[in-house]
Amino acid sequence: MCASVKYGSRGPALIPRMKTKYRIYYITLFSVVLLGLIATGIYYITLFSFWPHSIESSAEWSLDRRSVHDAPLVRIPMSSPIPERGDLSCRMHTCFDVYRCGYNPKNKIKVYIYPLQRFVDEVGVPISSTGLSREYNDLLSAISDSDFYTDDVSRACLFIPSIDVLNQNSLRIRETAQALAMLPRWDKGMNHLLFNMLPGGPPDYNTALDVPRDRALLAGGGFSTWTYRQGYDVSIPVYSPLSVEVDLPERQPGPRRYFILSSQTAIHREYRVELERLKEENGEALLLLDKCSNLSQGLASVRKRCYKGQVYDYPQILQESSFCVVLRGARLGQATLSDVLQAGCVPVIMADSYILPFSEVLDWKRASVVIPEEKLPEMYTILKSIPHRQVEEMQRQARWFWEAYFSSMKAIGMTTLQIINDRIYPYAALTYEEWNNPPVVKWTSVNSPLFLPLIPPRSPGFTAVVLTYDRIESLFRVITEISKVPSLAKLLVVWNNQNKSPPEESLWPKVAVPLKVLRTKENKLSNRFFPFDEIETEAVLAIDDDIIMLTSDELQFGYEYFNYLYTYKMPGDIKNWVDAHMNCEDIAMNFLVANITGKAPIKVTPRKKFKCPECTAIDGLSLDQTHMVERSECINKFASVFATMPLKVVEHRADPVLYKDDFPEKLKSFPNIGSL
């Protein structure tokens, strides 16, 4: 027997009429949920009412130099196709066509930005309630002014829509997806990049943009480990508008008035209770702020925080604490993180599964403390265990992270493109040091010339010295892995067991480089650093027989030639200048090495000695009258590119003590020293 189905003005009633005794229960439950959503909505309306900023009423559009209102209107048919939800299995080798990027002498991808269009549905309703935000306009403008940009679509490697999806709250999901699919080069999102900082919506707040986007890359501001496609997507920060509106001068690292500060409003009740308990236990060391209930809602209240009736300016108050708490909210990504970094306060991040911004290249251990949410009760004890000097280094690093990567939409956009660029041109990628070390001169002088190497390398590559006792299986695994490193020149196994013989030769792994077993007379750890005659390289890798967690790629990454640095890492246009002028390559190399090592040049020949009596005008570049003049000019140019003078002045000569003595020449080891 089938129940009857009632029809109304909108079609059949899909849910049968519930029994009266359950109606009150479900109505009450629905009311509670609704009130919760309203409360959450009010909070987020307050929090984001000033971001993103719409520029619909202005004439800003630096790409096309025209008003937003002048952009052509595009109607989206209701039957337009909708992209697929998004392929979680996408990686650069499966969903990105690197062949579009091609060979580029500058190792720079080319980025095309679609012309601005205003997308509306069939009845004229826009796909976004805010249109183009000021933040997205700043982002596109920065890209268009960069070396990445091209207005030639045929040269483009990466495509960026002019459709603003920074804030999902302002989007109509279906219509936005249809608009993306209408882009002429969409091709299922291949080689397209979308920027989104506020993903998801109530009640679940997904950690990635809900707009179906096919295979497009996503630069997202709230990724979790569940939605982040490692090596494909880019985790970006949630931009804080206070970066522009409030000037926080850099403060010197050191102790602050408060040890821990919490400034976030409307955090989860359980977190608030635990923070209050920590406050009771530690008193004035912890400042627990909340929104100000006695202030009217608006821009002024966003910049204020309160504690027991006392009002504090925000974000200025963040500079008064050594550590600042950054808890997850409804979204994992929080603009508070940017505010905290700007203040030079070490962020204490408690947001389980959160993918930190630019974590693909940034070492967050140097600038933050990440604590599991369940460890919140232990936060004070954990932070107290960190040495003062390390805290100061973290404060300094936090501020620099903000300046370099968080401070503007331009910084966020350029960092995102550089990360993608490094994936496509890995041989020209920025190093760990370039991403994580502030660009300051680390050495102001050479403290002691004894740090200079006394002899040049005798052979290229490096020698691996493996110290072992009797862990044969582990030893063989280490040898097998090390042998894969391209720069390996020789393998030496230091056999430290006097009571047991090494395995027979036939049992050892087959490797492509010379392998020799050196038996020691005593079992001493210092044997690993003995200057064996078999070592013929300057670079030596000393490793134990149980270090099996290092890969060949990691070992090769740790070993670089200065030739490689000169070819691929020379800053500015120095290498091109040298090639064009056929001059100063030796000076450029000295600049590079001195800048990296902080050491002085080995020898600089004076002008009067810079002559070749046997050379003719045909085969001698140095005989050109302009050659020496250019060498003086190039020193000034290189110094301006490096923004410093890395060459050091030393008064030291590491020569054999008898080189000038009145002594038979045949008894001198280096008779020609000083002959120039």
Chemist: Can you name the closest pair of heavy atoms from Ser144 and Ser141 and give their distance?
Modeler: OG-O, 2.7 Å
Chemist: Is a side-chain N or O of Asp121 found less than 3.5 angstrom from the main chain of Gly124, in a donor-acceptor match?
Modeler: yes
Chemist: What's the verdict on side-chain contact (heavy atoms from CB on, under 4.5 Å) for Phe195 and Met197, showing C-alpha distance, side-chain angles and the deciding distance?
Modeler: CA-CA 7 Å; Phe195 286 87; Met197 292 183 175; over 6 Å; no
Chemist: As a quick check of understanding, evaluate side-chain contact (heavy atoms from CB on, under 4.5 Å) for Glu403 and Gln342, giving each step before the final call.
Modeler: CA-CA 7 Å; Glu403 291 176 348; Gln342 183 183 11; over 6 Å; no
Chemist: Decide whether Tyr427 and Asn107 meet the rule of one side-chain donor and one side-chain acceptor closer than 3.5 Å.
Modeler: yes
Chemist: Taking C-beta and beyond as the side chain, do Ile412 and Pro237 meet within less than 4.5 Å on heavy atoms?
Modeler: yes
Chemist: Just so I know, are the side chains of Arg328 and Ile267 near enough to count as touching, which here means a heavy-atom distance under 4.5 Å?
Modeler: no
Chemist: Is the closest side-chain heavy-atom distance between Val369 and Ile349 below 4.5 Å?
Modeler: no
Chemist: When you check the gap from the basic side-chain N to the acidic O, do Glu481 and Arg477 get nearer than 4.0 Å?
Modeler: no
Chemist: Quick check for you: to the nearest 0.5 Å, what is the distance between Leu332 atom CG and Ile355 atom CD1?
Modeler: 9.0 Å
Chemist: Taking the side chain as everything from C-beta on, heavy atoms only, tell me whether Thr480 gets closer than 4.5 Å to Val511.
Modeler: no
Chemist: Answer whether the closest heavy-atom distance between the side chains of Asp164 and Leu171 falls below 4.5 Å.
Modeler: no
Chemist: Between the side chains of Tyr271 and Glu373, is a donor N or O closer than 3.5 angstrom to an acceptor N or O?
Modeler: yes
Chemist: Test Ser338 against every option in Pro241, Ser407, Ser243, Pro315 by the side chain to side chain contact (heavy atoms under 4.5 Å, CB included) rule and name the one that passes.
Modeler: Ser243
Chemist: Hey, does the side chain of Ser162 reach the backbone of Pro115 with a donor-acceptor pair shorter than 3.5 angstrom?
Modeler: yes
Chemist: Does Lys291 reach the main-chain N or O of Val302 with its side chain, forming a donor-acceptor pair under 3.5 Å?
Modeler: no
Chemist: Quick one: does Leu337's side chain get under 4.5 Å of Asp339's, heavy atoms only?
Modeler: no
Chemist: List the steps and the verdict of salt bridge (Lys or Arg N to Asp or Glu O under 4.0 Å) for Glu84 and Arg215.
Modeler: CA-CA 8 Å; Glu84 295 180 1; Arg215 298 177 177 179; over 6 Å; no
Chemist: May I ask you to check if Lys108 and Tyr425 form a cation-pi contact, with NZ or CZ under 6.0 angstrom from the six-membered ring centre and within 45° of the axis?
Modeler: no
Chemist: List the steps, then state whether side-chain hydrogen bond (donor to acceptor under 3.5 Å, both in side chains) holds for Asp152 with Thr150.
Modeler: CA-CA 5 Å; Asp152 184 353; Thr150 180; 5.4 Å; no
Chemist: Drop me the distance from Phe323's CZ to Ser262's OG, to the nearest 0.5 angstrom.
Modeler: 15.0 Å
Chemist: Hey, is Asp187 close enough to Arg100 for a salt bridge, meaning N to O under 4.0 Å?
Modeler: yes
Chemist: Search all heavy atoms of Pro212 against all heavy atoms of Pro83 and return the closest pair with its distance.
Modeler: CB-O, 3.3 Å
Chemist: Is a side-chain donor or acceptor of Asn137 paired with a backbone partner of Ser133 at a separation under 3.5 angstrom?
Modeler: no
Chemist: Begin from the C-alpha positions of Ile424 and Cys157 and carry the test side-chain contact (heavy atoms from CB on, under 4.5 Å) through to its verdict.
Modeler: CA-CA 10 Å; Ile424 296 172; Cys157 165; 3.9 Å; yes
Chemist: With a 4.5 Å heavy-atom cut-off, do Asp147 and Lys106 have their side chains touching?
Modeler: no
Chemist: Could you walk me through whether Thr130 and Asn169 satisfy the side-chain contact (heavy atoms from CB on, under 4.5 Å) test, starting with their C-alpha distance in whole Å, then the side-chain angles of each, then the deciding distance to 0.1 Å, before giving a yes or no?
Modeler: CA-CA 10 Å; Thr130 59; Asn169 292 342; over 6 Å; no
Chemist: Between the side chain of Arg229 and the main-chain N/O of Arg91, is any donor-acceptor distance below 3.5 Å?
Modeler: no
Chemist: Would you say the side-chain atoms of Arg213 pair up with the backbone N or O of Leu209, donor to acceptor, closer than 3.5 Å?
Modeler: yes
Chemist: Salt bridge (Lys or Arg N to Asp or Glu O under 4.0 Å) between Arg75 and Glu122: does it pass, once the steps are laid out?
Modeler: CA-CA 6 Å; Arg75 293 189 181 274; Glu122 286 186 334; over 6 Å; no
Chemist: For residues Gln264 and Thr336, report the shortest heavy-atom separation together with the two atoms involved.
Modeler: CG-OG1, 3.7 Å
Chemist: Could you give me the CA-CA distance, side-chain angles and deciding distance for Arg366 and Asn437, then say whether side-chain hydrogen bond (donor to acceptor under 3.5 Å, both in side chains) is met?
Modeler: CA-CA 10 Å; Arg366 297 175 58 177; Asn437 292 352; 3.0 Å; yes
Chemist: With no hydrogens and no angle check, just 3.5 Å: does a side-chain donor-acceptor pair link Asp363 and Tyr432?
Modeler: yes
Chemist: Under a 4.5 Å cut-off applied to non-hydrogen side-chain atoms, are Met379 and Met350 in contact?
Modeler: yes
Chemist: Can you see which heavy atom on Asp214 is nearest to which on Lys188, and at what distance?
Modeler: CB-O, 2.9 Å
Chemist: Does the plane of the ring in Phe159 sit parallel, tilted or perpendicular to the ring in His192? Use 30° and 60° as the thresholds.
Modeler: parallel
Chemist: To the nearest 0.5 Å, tell me how far Asn191 CG sits from Leu217 CG.
Modeler: 7.5 Å
Chemist: Whether the side chain of Tyr114 engages the backbone of Arg185 through a donor-acceptor N/O pair (distance < 3.5 Å, no angle test) should be reported.
Modeler: yes
Chemist: Could you tell me whether the side chain of Trp364 and the main chain of Pro357 form a donor-acceptor pair under 3.5 Å?
Modeler: yes
Chemist: Let's go through Ser224 and Thr207 carefully: what are the C-alpha distance in whole Å and the side-chain angles of both, what is the deciding distance for side-chain hydrogen bond (donor to acceptor under 3.5 Å, both in side chains) to 0.1 Å, and is it a yes or a no?
Modeler: CA-CA 6 Å; Ser224 73; Thr207 57; 3.2 Å; yes
Chemist: I need the Ile163 CD1 to Arg118 CZ distance, nearest 0.5 Å.
Modeler: 14.0 Å
Chemist: Roughly how far, to the nearest 0.5 Å, is OG1 of Thr431 from CG of Asp422?
Modeler: 9.5 Å
Chemist: With a 3.5 Å distance limit and no angle check, can you tell me whether Asp233 reaches the backbone of Tyr228 through a side-chain donor-acceptor pair?
Modeler: no
Chemist: Salt-bridge test for Lys410 and Asp145: reply yes if a basic N is under 4.0 Å from a carboxylate O, no otherwise.
Modeler: no
Chemist: Would you name the heavy atoms of Ile109 and Cys101 that are closest together and state the gap between them?
Modeler: CG2-SG, 4.5 Å
Chemist: Please report the interatomic distance CD1(Ile76) to CG(Leu180), rounded to the nearest 0.5 Å.
Modeler: 9.0 Å
Chemist: Closest heavy-atom contact between Leu218 and Ala208?
Modeler: CD2-CB, 4.3 Å
Chemist: Look at the aromatic rings of Trp435 and Tyr405 and report parallel, tilted or perpendicular, splitting at 30° and 60°.
Modeler: tilted
Chemist: Give a yes or no answer on whether the side chain of Gln168 reaches the backbone of Val165 with a donor-acceptor pair at less than 3.5 Å.
Modeler: no
